[in-house]
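To start, the structure itself, in structure tokens.
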2 protein chains.
Amino acid sequence: MTDSTSHVRDNPRTRPAKAPLSRQAVLAAALALVDEVGYAAVTMRRVAQALDTGPASLYVYVADRDELMAGVYDLALAAVELPGPADGDWRARLELLVSRLIATLGGHDDIALVAITRVPTGPQTLRILEETLTLLRAGGIDDAACPWAADLLDQYVTSSALELAARLRDQRAVTKAEGAAEATEEAMSRAARSELDAVYGELPAATHPTIHALRPAMTTAGRTSNTSAAWKLGVIIDGLLAHHPQP
Amino acid sequence: MTDSTSHVRDNPRTRPAKAPLSRQAVLAAALALVDEVGYAAVTMRRVAQALDTGPASLYVYVADRDELMAGVYDLALAAVELPGPADGDWRARLELLVSRLIATLGGHDDIALVAITRVPTGPQTLRILEETLTLLRAGGIDDAACPWAADLLDQYVTSSALELAARLRDQRAVTKAEGAAEATEEAMSRAARSELDAVYGELPAATHPTIHALRPAMTTAGRTSNTSAAWKLGVIIDGLLAHHPQP
DNA sequence: ACCTGAACACCGTTCAAGT
DNA sequence: ACCTGAACACCGTTCAAGT
């Protein structure tokens, strides 16, 4: 559709007043593209195109694609509101913060991949780290253990966000494929899960007795439901409270 | 160096008896390349080159790059030995299994990225899942919770392997940069950590009081040391034992 | 001084044409 | 029947040449 109107958009007279390029504009355009075409498909060329310029122009504002994506990651985190006193004690607030982080990051496709390649250090990341450490301390976690605990929670957030993003991707693919008629959760349960169910379900008891025995549990509940997410986070926090390594 | 001898290697008479192509040969060549040039730099063209053929020939044995890497991932897991009765009770065995998984995957650069994009279902993956579930059951974890617990452990393994891979990459870069004279652990502590230390260390108490207060803990111990890995795994297992969600 | 067109050195994947 | 050369449609990044 861009082609049919390109000579109109290219015309300086009809072009929508093209705001001057800036780092913020580049990051915002890239984040919008992540949502539209997916993380992997966001190329320097496509970002440039969205900004009505050439790819070379982006390098005035970002060092390379990696650094651009790190900026997008931090920009996405700006939408995460910190829980307040009204949200309960430290544990309730920490659980709320973590679930907001997973929902926000997972809502921008695979943007959480940024946190896997490098340790993010943007202002929004630091804002959330500060809050996480504060809540952990309020929970009585040893000062020496707090950074490790925050790191563990971060690993959990990142991998959960990527799992959520994959789930949403599957969901979109299915609803798009089948005329978008059925409920979203229902649609997903057959598509993405059916192949995995087939793998686990057909393993013979002779070679994989435990997987075979747990077959109903492995399929019914779903590996990445909302209840499993809450359960996992509960495990980690209970573990933080229970774990006292031999001194 | 390939150039100087290319006309010799290209000569069928001097070429080392080029084994016939097979899926196993392709996977093995790709795994060797992952170790040599890194996960991101393993291209279809480079794998083909290592096998003295063209990239198109690979598509007889693998569907695409993603599926090739999934095969490499499973191949890498073949080296993981399952703990036996001599290794202690279920918990000791589970801890040993997890640390072997992290060490093995992390030793092949970013190969663990495979487990983030898709849920691996290769034979080696299933062998290890079977053992993990067996150990969890032996530990008294509820049948219904075992798949979730295994999933949580898998998230921990994957992200820890990627952290380890990043640490080893930094280490190699530093030791290579400075004449390879000093001890490896020592070399790393200044390079990869110093920039992160700078970020945390220079945050003012006014805006980030907790990070500021915990500054010594965040730098001294290191975010990804062996002790922190053991601590984190201990937290998760203690959490699995302590967590009993409201019924 | 700032911007960018064009080029460089790559990619994954396909398929017609060969053996 | 099997294999692959050559081509297609892309990449990220650089830099000389323009304004």
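Quick note on labels: first sequence line is chain A, next is B, and so on, each numbered from 1.
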Check your understanding: With respect to the phosphate group of dC3(D), does any side-chain polar atom (N or O) of S57(B) fall under 4.0 Å of OP1 or OP2?
Key -> no
Check your understanding: Could you give the CG-to-P distance, from L58(B) to dG12(C), as a whole number of Å?
Key -> 10 Å
Practice item. Before giving the answer on side-chain contact (heavy atoms from CB on, under 4.5 Å), spell out for H208(B) and Y200(B) the whole-Å C-alpha distance, their side-chain angles and the decisive distance to 0.1 Å. Key: CA-CA 9 Å; H208(B) 299 79; Y200(B) 295 137; over 6 Å; no
Practice item. For E163(A) and L168(A), run side-chain contact (heavy atoms from CB on, under 4.5 Å): C-alpha distance rounded to whole Å, both residues' side-chain angles, the deciding distance at 0.1 Å, then the answer. Key: CA-CA 9 Å; E163(A) 271 188 2; L168(A) 294 175; over 6 Å; no
Review point. Given atom CD of Q49(A) and atom P of dT4(C), what is their separation to the nearest angstrom?
Key: 15 Å
Exercise for review: Check whether any side-chain nitrogen or oxygen of T53(B) sits under 4.0 Å from OP1 or OP2 of dT4(D), and answer yes or no.
Suggested key: yes
Practice item. For DNA chain C, find the residues of residues 28-43 of chain A with a heavy-atom distance under 4.0 Å and give them by number; none if there aren't any. Key: none
Point to revise | Steps toward side-chain contact (heavy atoms from CB on, under 4.5 Å) verdict (L101(A), L97(A)) | key: CA-CA 6 Å; L101(A) 285 169; L97(A) 177 59; 4.2 Å; yes
Practice item. Would you write the dot-bracket representation of DNA chain C, where each base gets (, ), [, ], | or . depending on whether it forms a Watson-Crick or G-U pair under 3.5 Å and with which partner? Key: ||.|||||...|||||.||
Review point. How many Å lie between CG on L68(A) and P on dC11(D), as a whole number?
Key: 14 Å
Check your understanding: dC10(C) and dC8(D): how far apart are their C1' atoms, nearest whole angstrom?
Key -> 15 Å
**Study point:** Exceeds 12 heavy-atom contacts within 6.0 angstrom, atom CD of E67(B)
**Key:** yes
Check your understanding: For L233(A), what residues pass the side chain to side chain contact (heavy atoms under 4.5 Å, CB included) criterion, not counting sequence neighbours?
Key -> E95(A), V98(A), L153(A), Y156(A), I237(A)
Can you tabulate the close N/O pairs, meaning under 3.5 Å, that link protein atoms to atoms of nucleotides 13-19 of chain D?
{"unit_1": "dT13(D)", "atom_1": "OP2", "unit_2": "Y59(A)", "atom_2": "OH", "d": "2.8"}
{"unit_1": "dT13(D)", "atom_1": "OP2", "unit_2": "R65(A)", "atom_2": "N", "d": "3.0"}
{"unit_1": "dT13(D)", "atom_1": "O5'", "unit_2": "Y59(A)", "atom_2": "OH", "d": "3.3"}

**Study point:** N or O in side chain of R46(A) less than 4.0 angstrom from dC11(D) OP1/OP2
**Key:** yes
Check your understanding: Does the side chain of V60(A) reach to within under 4.5 Å of the side chain of L21(A), using non-hydrogen atoms?
Key -> no
Check your understanding: Can you find a pair of side-chain heavy atoms, one from L203(B) and one from H212(B), that are under 4.5 Å apart?
Key -> no
Check your understanding: So do the side chains of L105(B) and L164(B) get within less than 4.5 Å of each other, counting heavy atoms only?
Key -> no
**Study point:** Test log, rule side-chain contact (heavy atoms from CB on, under 4.5 Å), inputs L27(B) and Y61(B)
**Key:** CA-CA 9 Å; L27(B) 297 184; Y61(B) 307 100; over 6 Å; no
Check your understanding: Rounded to whole angstroms, how far apart are CG on L51(B) and C1' on dC3(D)?
Key -> 15 Å
Which donor-acceptor pairs under 3.5 Å do the side chains of residues 110-124 of chain A make with protein atoms, sequence neighbours left out?
{"unit_1": "D110(A)", "atom_1": "OD1", "unit_2": "R169(A)", "atom_2": "NH1", "d": "3.0"}
{"unit_1": "D110(A)", "atom_1": "OD2", "unit_2": "R169(A)", "atom_2": "NH1", "d": "3.1"}
{"unit_1": "T117(A)", "atom_1": "OG1", "unit_2": "L113(A)", "atom_2": "O", "d": "3.4"}
{"unit_1": "Q124(A)", "atom_1": "OE1", "unit_2": "R127(A)", "atom_2": "NE", "d": "2.8"}
{"unit_1": "Q124(A)", "atom_1": "OE1", "unit_2": "R127(A)", "atom_2": "NH2", "d": "3.1"}

Validation: residues 41-48 of chain A side-chain donor-acceptor distances under 3.5 Å, sequence neighbours left out:
{"unit_1": "T43(A)", "atom_1": "OG1", "unit_2": "R46(A)", "atom_2": "N", "d": "3.1"}
{"unit_1": "R46(A)", "atom_1": "NE", "unit_2": "A41(A)", "atom_2": "O", "d": "2.9"}

